[in-house]
Amino acid sequence: MTRENPARPGIAAFAAYRLVPDLPVPVRAKLDFNESPYDVPDEVKEKVLSRLKARRWSLYPEFGATRLREAIAASLGRSPEEVVVGNGSGELLLAAMNVFAGGGRLLLTPPTFSLYPQLALLAQAEVATVPLSGDDFLFDEEAILRAVRAWPTVPLICSPNNPTGTPADPAFLRKLADAAPVALLDQAYVDFAPPEASALALVDEGRNVVVFRTLSKAYAAAGFRIGYAVARPDLVRELAKAVLPFSVDQASEELGVALLEDPGPARARVAELVRERERMAAALRGMGAKVAPSAGNFLFVEPPGGGSESVRTELLGRGILVRDLGPSAGDRLRVSIGLREENDLFLAGLREITERKGAP
Ligand code: PMP
């Protein structure tokens, strides 16, 4: 019996999001997913578990996740009406594409987060692109503004950008918000950037922006799904229409609330990761690698002498996982910042591989 693929043609033709490769050896340094190398502290885990135990698991979580929205809003000095929470920020990005760009045009700046084109496909948004420019992968501000002014196009800017680490200048984002129907600003990594990189001031100024954030990175909560978006209350109300009811389960809600009750430990760990990022970048440049200036918890690296795919495979053989992002990212690897020992393993592995390649 022949079976026709009943999926929409665009979906059938789309290559699914890639998963982790099979590992030939035990993992010694997991630097491939931009996760936090630090786990959530035990005291926080205990607190969450006891609060969860006291809840009724047979009931739906609180509608609208008010407690979590209030905790997020309080941590940012804002009002809960400006916050919507989702099952990771990925869910909110899809919701925003459906609400603001579905059936229309979305502008992306590759290389950028590989999930965006898939979400655009689901939202049936046509994708236009303005690539990042030069060895430092900077936003081509003039070209982006021109593209947005020429057509009604919703720009999705990732700042700091995954995988390059490049932050966008908020003055440019302000112009973009004024030129576009609405600007979608993914700030999943903003906690690792200097405070000036935050786009929240644009919300205060009443502009048409939606800022996406997550507790997956700086707060080390990727194993639970806690994302949020911040925008003017009228935009939040529209966005919330495309988020499924109860999409944040009560375990994630309790963890989010507990993490935000005492953000001190997460902030200290962010500061340590930023120090490690700068140490790694300097060491890599010292080896002759090209490294884009990063404001995230990762670096975008062209290994000395190139050959990023073979370098990745050799690192994998040593139990060191880094991310290869395919042709759109050029000959580069994305390396998440891990614990000092993991970072040292990566640096030593790369040095050895490069020296051997360079040997006659
Ligand atoms: N945005 C960017 C740029 C990301 O890199 C990621 C995760 N890799 C996300 C959003 C999604 O994060 P989460 O769903 O865990 O909140």
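In each ligand, atom 1 is the first atom listed, and ligand 1 is the first ligand listed. All residue numbers in this chain count up from 1 along the given sequence. A quick note: this is a predicted structure, and the numbers were derived from the prediction, not measured. Heavy-atom basis, side chains included; hydrogens, waters and symmetry copies ignored.
Using a 4.0 Å cut-off between a side-chain N of Lys or Arg and a carboxylate O of Asp or Glu, Asp39 and Arg269 do not qualify as a salt bridge. A salt bridge links Glu272 to Arg275: at least one charged side-chain nitrogen sits closer than 4.0 Å to a carboxylate oxygen. Residues Arg78 and Asp204 are paired through a salt bridge, judged by an N-O separation under 4.0 Å between the basic side chain and the carboxylate. Here Arg356 pairs with Glu314 in a salt bridge; the nearest charged N to carboxylate O distance falls below 4.0 Å.
Listed by atom number, the atoms of ligand 1 under 4.0 Å from Cys158 heavy atoms are 3 (C). Near Asp186, the atoms of ligand 1 lying under 4.0 angstrom from a non-hydrogen atom of the residue are 1 (N), 2 (C), 3 (C), 10 (C). Interface of Ser216 with ligand 1, defined as ligand atoms under 4.0 Å from a residue heavy atom, comprises 13 (P), 15 (O), 16 (O). Annotation for ligand 1: atoms under 4.0 Å from non-hydrogen atoms of Ser89 are 9 (C), 10 (C), 11 (C), 12 (O), 13 (P), 14 (O), 16 (O). Close contacts between ligand 1 and Lys217 involve ligand atoms 7 (C), 8 (N) [criterion: under 4.0 Å to a heavy atom]. Listed by atom number, the atoms of ligand 1 under 4.0 Å from Ala188 heavy atoms are 1 (N), 2 (C). Close approach of ligand 1 to Arg225 is summarised as follows: ligand atoms under 4.0 Å from at least one heavy atom of the residue are 13 (P), 14 (O), 15 (O).
Checking only distances, Tyr116 never comes within under 3.5 Å of ligand 1, N or O to N or O. Ligand 1 has a nitrogen or oxygen under 3.5 angstrom from a nitrogen or oxygen of Gly90.
Within the 4.0 Å heavy-atom cutoff, Glu91 does not count among the residues contacting ligand 1. In this structure, Phe212 does not count as a contact residue of ligand 1, since none of its heavy atoms falls inside 4.0 Å of the ligand.
Sorted by first and then second residue, the salt bridge (charged side-chain N to carboxylate O under 4.0 Å, His left out) pairs with a member in residues 88-115 read Arg105-Glu126; sequence neighbours excluded. For residues 50-63, the set of pairs meeting the salt bridge (charged side-chain N to carboxylate O under 4.0 Å, His left out) definition, not counting sequence neighbours, comprises Arg51-Glu261, Arg55-Glu253, Arg55-Glu254.
Here the shortest heavy-atom pairing between Val84 and Leu92 reads O-CD1, 3.8 Å.
Heavy atoms of Tyr189 found under 4.0 angstrom from ligand 1 belong exclusively to the side chain.
Here Thr214 contributes atom OG1 and Tyr189 contributes atom OH; the two are 8.5 Å apart, rounded to the nearest 0.5 Å.
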